Amino acid sequence: MIKKVLIANRGEIAIRVIRALKSMGIKSVAVYSHADKDGLWLKIADEAICIGPATVSESYLNITNIISAALYSHCDAIHPGVGFLSESAEFVKAVEESGLIFIGPNKDTINLLGNKVEARILAKKAGLDVTPGSFKEIESVSELKTLANKLGYPIILKASLGGGGKGMRVITNDADLEKNFNLAKEEANKFFANPAIHVEKFLTHPRHIEIQLLSDGENVIFLGERDCSVQKNHQKLIEESPSNIVSQKMRNKLKRASIKLFKLLKYQGAGTIEFLLEDNNCYFMEVNARVQVEHPVSEFVSSIDIIKEMILISDNNSSQNMRENPILRNHSMEVRINALSCGTITKFTPPLGPSVRVDTHIYSGYKVSPFYDSMLAKIIVYTKNRQESIKTMLSCLSELELEGIKTNKEVIIKILNNNKFVSGNFDTSLYKEIEKDL
Amino acid sequence: MIKKVLIANRGEIAIRVIRALKSMGIKSVAVYSHADKDGLWLKIADEAICIGPATVSESYLNITNIISAALYSHCDAIHPGVGFLSESAEFVKAVEESGLIFIGPNKDTINLLGNKVEARILAKKAGLDVTPGSFKEIESVSELKTLANKLGYPIILKASLGGGGKGMRVITNDADLEKNFNLAKEEANKFFANPAIHVEKFLTHPRHIEIQLLSDGENVIFLGERDCSVQKNHQKLIEESPSNIVSQKMRNKLKRASIKLFKLLKYQGAGTIEFLLEDNNCYFMEVNARVQVEHPVSEFVSSIDIIKEMILISDNNSSQNMRENPILRNHSMEVRINALSCGTITKFTPPLGPSVRVDTHIYSGYKVSPFYDSMLAKIIVYTKNRQESIKTMLSCLSELELEGIKTNKEVIIKILNNNKFVSGNFDTSLYKEIEKDL
Amino acid sequence: MENLDIDKILDRFENSSICELEITYKDFQIKCKKNTTISQEITKEIVKTKKEEITTSEIKDEKIKTITSPIVGTFYRAPAPDANVYVEPNQEIKKGQPICIIEAMKMMNELESEFNCKIIEVLANSGQLVEYGQPLFKVELI
Amino acid sequence: MENLDIDKILDRFENSSICELEITYKDFQIKCKKNTTISQEITKEIVKTKKEEITTSEIKDEKIKTITSPIVGTFYRAPAPDANVYVEPNQEIKKGQPICIIEAMKMMNELESEFNCKIIEVLANSGQLVEYGQPLFKVELI
């Protein structure tokens with residue numbers, strides 16, 4: 001039985017996990033870099049261990065120090081949070097080999113899903129639509145040309161072991177094929193130590209939709225979709241569930257096939273399947289084999305605590321909640337408040353009351369350092385429907401006081417008031433379209 | 001259609017209602033006494049009107065000033081909040097006569113329920129158990145003696161038009177009958193302008209259970225029970241839903257009969273039926289014809305926003321939610337943080353994150369005045385079960401920082417850690433029993 | 001130079017802003033020096049200013065009064081739309097004389113002056129919603 | 001000039017804010033001076049103390065160093081349970097000389113001194129978990 005967990009992360013997600021552990025009666029060990037010695041997560045945890053200097057590669061990505069800290073503080077398990085080592089097969093392997101439980105999928109799942117071509121093949125097998133394109137490595141320019149003409153431009157080249165936008169190239173005509181083919185292979189090799197690339201039809205005006213699942217290896221439950229189409233340079237700013245563009249028919253289809261995919265994977269833990277939706281077709285992109293920043297919206301609509309269920313699943317003690325799909329109710333929306341400058345937060349008053357949740361690591365007097373992610377707080381509301389969520393979020397933002405540094409609060413307010421956003425008729429290019437007015 | 005609402009209240013409940021209105025796109029008008037000019041609810045509302053000096057009778061109970069403020073600020077409706085004028089038939093009458101909508105039951109319902117004997121008769125008719133006792137006014141000592149011997153001591157005399165503990169007298173033997181009969185009648189006349197009294201069997205070790213209902217006059221929905229047995233001098237300190245002592249069988253019975261009672265009443269709005277539970281019998285006490293302080297626990301388990309539904313019902317626009325009983329999920333617990341001294345709050349950091357809600361009107365720098373209720377904040381958690389709620393609440397209280405004045409935080413922590421409380425095997429005498437250890 | 005009284009000179013020096021004083025007269029010489037720090041001067045000035053304010057406001061408090069609304073309602077300067085206003089600025093009124101109407105709950109509440117006074121300024125507009133404690137008239141006692 | 005009473009003048013001076021006074025009259029002369037600005041002196045002293053502290057710590061910084069843990073692991077003073085400890089207080093050690101072991105991931109990491117120095121104090125206990133940056137030894141450069 002898991003009695004003590006090290007959280008291999010920082011900031012709000014570390015606090016999120018520690019709070020879950022506390023309410024389950026499990027001890028928690030926080031870790032921190034030298035730059036984070038005033039982190040709120042250190043105060044809330046039962047213990048805190050410094051694992052390195054400010055530089056991420058020497059602290060939050062330092063596998064040896066993190067596992068040592070877990071072992072020597074007598075932890076049974078490690079929760080990776082989001083980002084950092086959460087999808088590192090190397091880390092999962094090291095955790096497992098040191099006799100600790102990794103709270104997340106096992107290394108084989110992570111390895112398999114890390115290969116985007118393999119993931120495409122499996123998704124198709126499960127009955128999901130995948131973007132038209134190749135299901136194996138592209139070996140030559142001529143092979144690419146044949147495919148390109150079959151698919152029609154624009155197309156996108158992707159590193160097969162890639163992720164996070166790196167090593168991707170959009171091509172709009174025959175003339176650019178050869179140059180981009182070579183460059184993409186080079187980049188794939190550089191970033192992911194493997195030159196394999198594949199090609200997909202490029203969608204120009206998609207919605208970003210994702211499906212939240214929880215699986216204990218046998219039972220898979222569906223926690224609905226999230227719409228994350230409001231993005232600035234691929235950084236999500238606003239997420240919501242349900243999506244106004246997903247019909248009940250499409251939702252049922254996605255649910256059936258997504259559950260099937262996770263059953264094929266014998267998936268363990270929380271996972272998200274990402275899709276791009278265009279012209280009423282929802283195309284599989286990839287699986288994020290970890291919990292995501294925007295998980296709270298799914299927690300609200302499903303009344304399921306994803307972090308707690310992850311912990312129970314990893315402890316082979318999955319709860320009654322895993323026996324049947326939860327009823328999804330009402331509407332939830334999250335906005336991310338990001339720092340646009342560094343410095344000390346002189347005043348912080350979060351919105352409180354019904355239908356709002358604030359996940360944050362900041363406080364009055366907290367210093368925002370340049371070393372880490374700029375996200376300061378997530379504000380999540382839960383109301384009857386999308387229009388009420390928008391109004392409630394605006395009301396919450398009017399109560400939010402965050403002074404001392406520049407933030408994107410006003411930009412978020414403008415998006416929430418934007419006619420296109422309010423109408424629900426928009427796509428991932430919304431931010432770019434309205435950027436000049438923000 | 002309701003477009004602007006005056007909130008005839010102060011503090012956290014005023015903020016609660018204003019937040020609901022904002023997320024519904026309805027304008028809000030706050031009122032305040034001279035002592036409350038720094039009230040947080042004034043800042044959040046669209047408008048704020050001073051209605052009198054600090055003294056409650058000249059401000060928050062000043063019907064003329066409140067209705068004038070509503071009329072002259074062009075409100076359509078008044079929400080009474082809790083306490084103050086929320087169950088005043090005189091106020092409801094004045095509101096209705098001035099052409100405004102009272103957000104709550106109509107005056108006939110409030111009048112009828114104000115008569116405890118009438119309420120007992122109606123409750124019995126609906127199929128609820130009522131405490132053994134009289135169903136009409138006791139006219140003489142001899143009549144009382146006959147009843148007392150039939151019921152067995154102890155018995156309790158109650159003012160038929162009473163409420164709130166006033167004019168109640170417990171009698172344990174024949175010798176005390178006559179004296180108490182006369183005193184009770186005198187007190188009833190003094191406090192409630194009517195000497196009518198009735199008698200009930202007195203329960204010595206009950207649990208305080210209440211049923212939350214919402215009704216639009218035709219459809220009644222059941223939002224589960226609340227257990228409010230942790231009380232200090234009849235002041236509730238901790239409330240939870242569901243109650244660990246209510247079996248599913250008892251819950252079903254209470255649900256059926258409670259819904260029937262509200263249908264008989266053609267009740268409009270949010271209402272609570274109070275019961276005392278002893279030896280597996282749940283006895284009807286009275287109906288509170290208003291929303292209650294502890295409504296958030298029912299909101300969590302039902303995923304229904306009681307305040308918003310109240311507003312919609314009063315607007316003859318009751319929502320889809322009223323069509324069927326909500327599924328009740330998980331467990332919710334509320335604690336009340338009260339001031340034990342007056343003064344300025346020098347630091348306030350609320351607990352944040354998942355599964356917690358904080359309803360409060362305080363902030364760093366807020367002055368707690370001696371004029372009003374001592375409640376500073378309600379902290380409400382929502383988790384899988386009672387044990388997890390207790391742990392989560394303790395975790396929240398360890399995050400709560402409230403400095404500058406004395407509060408009951410440490411007392412609440414001790415109760416949450418008390419073996420009897422944790423076991424669930426306790427009754428309304430718990431606080432008194434453990435008081436010396438608090 | 002007939003006023004060569006040391007006490008007087010020192011008093012004078014003490015209460016002045018002069019920080020060094022040297023007087024030589026025939027065989028008489030006096031030299032004095034103050035420990036002048038800027039902060040002291042500032043403090044003095046603040047104290048002085050405050051004193052003045054207090055004095056002024058005390059004077060004001062004694063004579064100038066503000067009549068505030070005792071209820072919430074609509075303020076009217078005249079008993080009817082076509083009637084003359086109750087009071088005008090500079091008008092002298094007697095204790096008990098009606099000065100305005102506040103309409104609340106369809107009742108016309110005539111507000112009477114509690115003292116003999118002269119109206120200096122009317123602070124609310126006719127037809128305006130006034131809240132409890134809102135200033136209506138600035139008056140000077142007579 | 002009839003009020004040339006020394007007592008009076010001194011009383012007067014004492015209770016005034018004047019800090020220097022000199023009176024000469026015929027063959028009479030009085031000079032007095034107050035010890036002014038206590039607060040200023042205190043301020044100066046504080047500033048001085050601070051400066052001294054800084055100086056001291058600067059001196060210390062030059063000679064006294066703290067060797068901290070570069071990784072997270074278990075600190076051992078000896079290479080094996082029955083072996084002698086690497087270093088003892090007062091022992092002089094050379095640059096590159098091993099001073100302790102930090103065990104991490106079942107690997108024994110020998111920590112070497114980066115300079116010639118004398119061990120002043122051992123700051124961690126053998127067998128104890130040490131975190132990144134935790135002080136292990138206080139040493140004096142030689």
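None of the values given here were measured: they were computed from a predicted structure.
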**Student:** With heavy-atom distances below 4.5 Å as the criterion, would you say the side chains of L394(B) and K22(A) are in contact?
**Tutor:** no
**Student:** Between OG of S355(A) and CZ of R19(B), what distance do you get to the nearest 0.5 Å?
**Tutor:** 9.0 Å
**Student:** Using non-hydrogen atoms and a 4.5 Å limit, figure out which bit of Y363(B) sits close to chain A: side chain, backbone, both or neither.
**Tutor:** neither
**Student:** Any non-hydrogen side-chain atom of D305(B) less than 4.5 Å from a side-chain atom of T383(A)?
**Tutor:** no
**Student:** Would you give the length of the straight line joining atom CZ of R16(A) to atom CG of L352(B), rounded to the nearest 0.5 angstrom?
**Tutor:** 13.0 Å
**Student:** Stepwise, does the salt bridge (Lys or Arg N to Asp or Glu O under 4.0 Å) test hold for K384(A) with E309(B)?
**Tutor:** CA-CA 11 Å; K384(A) 215 176 276 179; E309(B) 297 296 337; 3.1 Å; yes
**Student:** Should the pair K43(A)-E399(B) be classified as a salt bridge under the 4.0 Å nitrogen-to-oxygen rule?
**Tutor:** no
**Student:** Considering only heavy atoms, which portion of S389(B) lies under 4.5 Å from any heavy atom of chain A: side chain, backbone, both, or neither?
**Tutor:** neither
**Student:** For the residue pair E388(A) and S23(B), what are the closest heavy atoms and their distance?
**Tutor:** CG-O, 3.1 Å
**Student:** To the nearest 0.5 Å, what is the distance between CG (L21(B)) and NZ (K391(A))?
**Tutor:** 12.0 Å
**Student:** Pick one: which of I306(B), D359(B), V358(B), I307(B) meets side-chain contact (heavy atoms from CB on, under 4.5 Å) with P354(A)?
**Tutor:** D359(B)
**Student:** Heavy-atom count check: over 12 atoms from other residues, nucleotides or ligands less than 6.0 Å from K27(A) NZ?
**Tutor:** no
**Student:** How long is the span from the CG atom in N385(B) to the CD atom in Q320(A), to the nearest 0.5 Å?
**Tutor:** 12.0 Å
**Student:** Using non-hydrogen atoms only, which part of L40(B) is less than 4.5 Å away from chain A: side chain, backbone, both, or neither?
**Tutor:** neither
**Student:** Checking S398(B) against chain A: side chain, backbone, both or neither under 4.5 Å from a heavy atom?
**Tutor:** side chain
**Student:** To the nearest 0.5 Å, what is the distance between CE on M24(A) and OG on S395(B)?
**Tutor:** 13.0 Å
